[in-house]
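Given the structure is predicted, the values throughout are model-derived calculations rather than measurements. Letters A, B, ... are given to chains in the order of the sequence lines, protein chains preceding strands, and every chain is numbered from 1.
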Amino acid sequence: MKLFTGRFLTIVAALALLIAACGGEGEETGTAADQSSTNEAVNEEPSLEGDLNLVGSTTVQPLAEVLAISFEALEPDVIVYVQGGGSSVGVRSAADRSADIGMASREIKLSELQEYPELVVHTIARDGIAVVSEPGCIIETLTKEQVRQIFAGEITNWNEVGGEDMMITVVAREEGSGTRAAFEDMVMEDVLIVDSAILQPSNGAVRTTISVTPGTIGFLSFGYLDEQTKAIAIDGVLPTEENAVSGEYSIVRPLNMVTYGETEEKTQAFLDFVISEDGQAIVVEEGYLPII
Amino acid sequence: MRKNKKRFDTAMKYSLLFAALASILIVLMIGFFTFREALPAFRDIGLGKLLTESVWRPGQGQYGILAMIIGSGLVTAGAVILGVPLALGCAIFLSEIARPNLRAIVKPCIELLAGIPSVVYGLFGMVIIVPIVRGIDVPGNTGFGLLSASIVLAVMILPTITSVAEHAIRSVPKEFREGSLAMGATKWETIQKVIIPGARSGIISAIVLGLGRALGETIAMIMVIGNSVIIPATSTGNPLSIFLSRARTLTGNIAVEINYATGLHESALFATGVILFVLIMIVNSSARYLMSRGSLGKNC
């Protein structure tokens, strides 16, 4: 038994050493990064260099990736890393400075601004949310009030809004999704989405579910609209980019990038690029709405 | 020379011990960190409220996972009801009836089932099973729900149960079969009265292992179960219609929401993980218990 204790201690010691070694390495990389930043300051070169980390919303992610490629072409010494994780993760990563820029596909919540008072919000684009049904649906238009009642579970049959006699099945995103938060904000107001709604964890999964299930209704980001689902006009206005730009279609949310406190030069340069004419041209090309 | 060999021996012994300890350490660490992250939820919400409330609305500060516990329980029960007879039939066929050359074809096929990624099962469920289930004419039935999930899950636990049960059946001593046949019993009587009772504990542990696998399945479930946070209920007078209801599993709750969760919401998801951890631990240790009892029983 005593012998065993001895052995066990040896192993614990070995483990401790191992962990200490790992910790040491981490510190080293830290100093290396410090050095490079001091070098930067000493050289005072006009071009920027270093890494730029973007973390957050999976809705903003594909857009940010395309923007990053163009920015890297302008500033070849800056490497931009784009990571997903969701809007809330984006805000938190920016606030604890684990990312240079956080991405959020919704308004920044009051609670978040209170918790992290130095958050700076930069709106980089806008995105519409369309109400869609399965392709065979004969309904062309609904009022915003009808949409709210359908998603709240008060209207449960298509014949109540002028369609066939068929149960309405609501499809929504999961709690915490930026698209859901924006939809709740702009359409549902204080009403809750019905509990029996089918919840799918991504825009793509919502689209597939709606396209194969008769009687379904749901909401999708503009970028996901195609012939698999049928876009429903709200108060007679079709969810198209033109209508959203002109302001006729009102279910439009901002896509944001957030920074915390003072921004570094390279971060500011990236944000400036995104809202520049070239940056906004990319936004439009990728199917989002410019900030105007 | 001898001394060197001995030294090598000791070194090997310690490195093997290290490998064993590392795996224990990993389990302990996962348990520890999951529990630590869940602590705020247990403190602020309370274990009682978590387990007994059925409303899950993190946006409104309501965290009850009862609906998910029931969802996980029902879908697992459904999978066991559908999958176990199939898996046992398969195991008996493979070990008692199939000729060696047929067995050489069927067994790898079943083992292949275990190698299919669960997202592929989910996709299959979404485009094939869900539309078929939708054909059942009950108001509100969309195909997404417990029945579709149970069917997918039944196929997924098939290889686990089949291989463990087959092993148990094969390890029933040959003399039992010979004795039974010598006394004039038919093949089926032998299987039914001698072999299955002889392999009973192995078969039970096979089922329990399948149960553990079913409880832990995530991505395929998310794709076909509908993920609504509701306690499944019957929609017609027929009690079986409960299986047409949508539901959410404990694993699905974590996977669907963790990307967006912060603060107490995140902690509540870790708490869901702790509860799942405990459930699976209970299931696995009962499987171990049954297995150990089984080997003792055979010696008697």
Side-chain angles (χ1 to χ4, degrees), chain A residues 4 7-8 10-12 14-15 18 56-58 84-93 95 104-106 109 111-112 115 156-157 166-181 184 192-202 205 208-216, chain B residues 10 13-15 17-18 20-22 25 54-60 62-63 67 122-123 126-128 130-131 134 138-145 218-219 222-233 235 245-248 252-253 255-263 265-266 268-269:
Chain A
F4 179 76
R7 282 176 194 170
F8 186 72
T10 326
I11 287 181
V12 170
L15 270 178
L18 196 74
S57 161
T58 48
S87 297
S88 303
V89 173
V91 173
R92 210 169 17 148
S93 306
S105 60
R106 53 165 167 78
K109 292 179 198 160
S111 63
E112 288 170 330
E115 197 175 344
T156 56
N157 196 309
M166 184 189 259
M167 288 267 290
I168 300 178
T169 305
V170 175
V171 183
R173 292 288 305 280
E174 75 287 8
E175 187 94 30
S177 133
T179 313
R180 176 176 173 141
E184 282 178 329
L192 296 169
I193 293 180
V194 64
D195 279 335
S196 64
I198 294 180
L199 302 181
Q200 292 291 9
S202 69
T208 313
T209 306
I210 292 175
S211 70
V212 299
T213 317
T216 43
Chain B
T10 338
K13 197 165 94 189
Y14 281 123
S15 37
L17 180 65
F18 173 75
L21 280 179
L25 198 74
S54 59
V55 183
W56 173 268
R57 276 195 201 108
Q60 266 71 41
Q62 288 170 293
Y63 302 94
L123 212 56
M126 209 166 171
V127 298
I128 310 286
V130 167
R134 189 181 305 133
V138 164
N141 175 22
T142 56
F144 289 93
T218 312
I219 188 77
I222 294 177
M223 292 169 80
V224 296
I225 204 167
N227 299 319
S228 316
V229 191
I230 44 174
I231 292 180
S235 49
S245 167
R246 291 187 279 278
R248 183 185 284 194
N253 192 39
V256 163
E257 293 191 2
I258 195 72
N259 278 349
Y260 301 99
T262 49
H265 182 189
E266 190 180 20
L269 293 179

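Of the residues considered (Met126(B), Arg57(B), Met223(B)), Arg57(B) shows the highest number of contacts with chain A, using heavy-atom pairs under 4.5 Å. Chosen from Ser202(A), Ser88(A), Ala205(A), the residue pairing most often with chain B at heavy-atom distances under 4.5 Å is Ser88(A). When Val91(A), Leu192(A), Val194(A), Thr208(A) are compared by the number of non-hydrogen pairs under 4.5 Å with chain B, Leu192(A) comes out ahead.
Remark: Ser228(B) OG to Leu199(A) CG distance equals 5.0 Å, nearest 0.5 Å.
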Requested in this report: Begin with the C-alpha distance, continue with both residues' side-chain angles, and end with the deciding distance and a verdict on side chain to side chain contact (heavy atoms under 4.5 Å, CB included) for Glu174(A) and Asn227(B).
Outcome: CA-CA 8 Å; Glu174(A) 75 287 8; Asn227(B) 299 319; over 6 Å; no
Requested in this report: Verify salt bridge (charged side-chain N to carboxylate O under 4.0 Å, His left out) between Glu266(B) and Arg92(A), making sure each step is shown before the conclusion.
Outcome: CA-CA 13 Å; Glu266(B) 190 180 20; Arg92(A) 210 169 17 148; 3.3 Å; yes
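Contact of the Asn141(B) side chain with the Met167(A) side chain is not registered, since no non-hydrogen atoms from C-beta on lie closer than 4.5 Å. In this structure, the side chains of Ile198(A) and Thr142(B) come closer than 4.5 Å at one or more pairs of heavy atoms.
Smallest separation of non-hydrogen atoms from Glu175(A) and His265(B): O-CE1, 4.3 Å. Taking both residues in full, the closest heavy atoms of Arg134(B) and Val212(A) are given as NH1-O, 2.8 Å, listed atom of the first, atom of the second, then distance.
Residue contact with chain A, scored on non-hydrogen atoms closer than 4.5 Å, involves the side chain of Arg248(B) exclusively. With a 4.5 angstrom heavy-atom cutoff, Ser87(A) touches chain B only via backbone atoms. Of the two parts of Ile168(A), neither the backbone nor the side chain holds a non-hydrogen atom closer than 4.5 Å to a non-hydrogen atom of chain B. Of the atoms belonging to Pro58(B), heavy atoms from both backbone and side chain fall under 4.5 Å from chain A. Both the backbone and the side chain of Thr209(A) come within contact range of chain B, judged by heavy atoms closer than 4.5 Å.
Of the possible donor and acceptor atoms, none in the side chain of Arg246(B) sits under 3.5 Å from a partner among the backbone N and O of Ala197(A).
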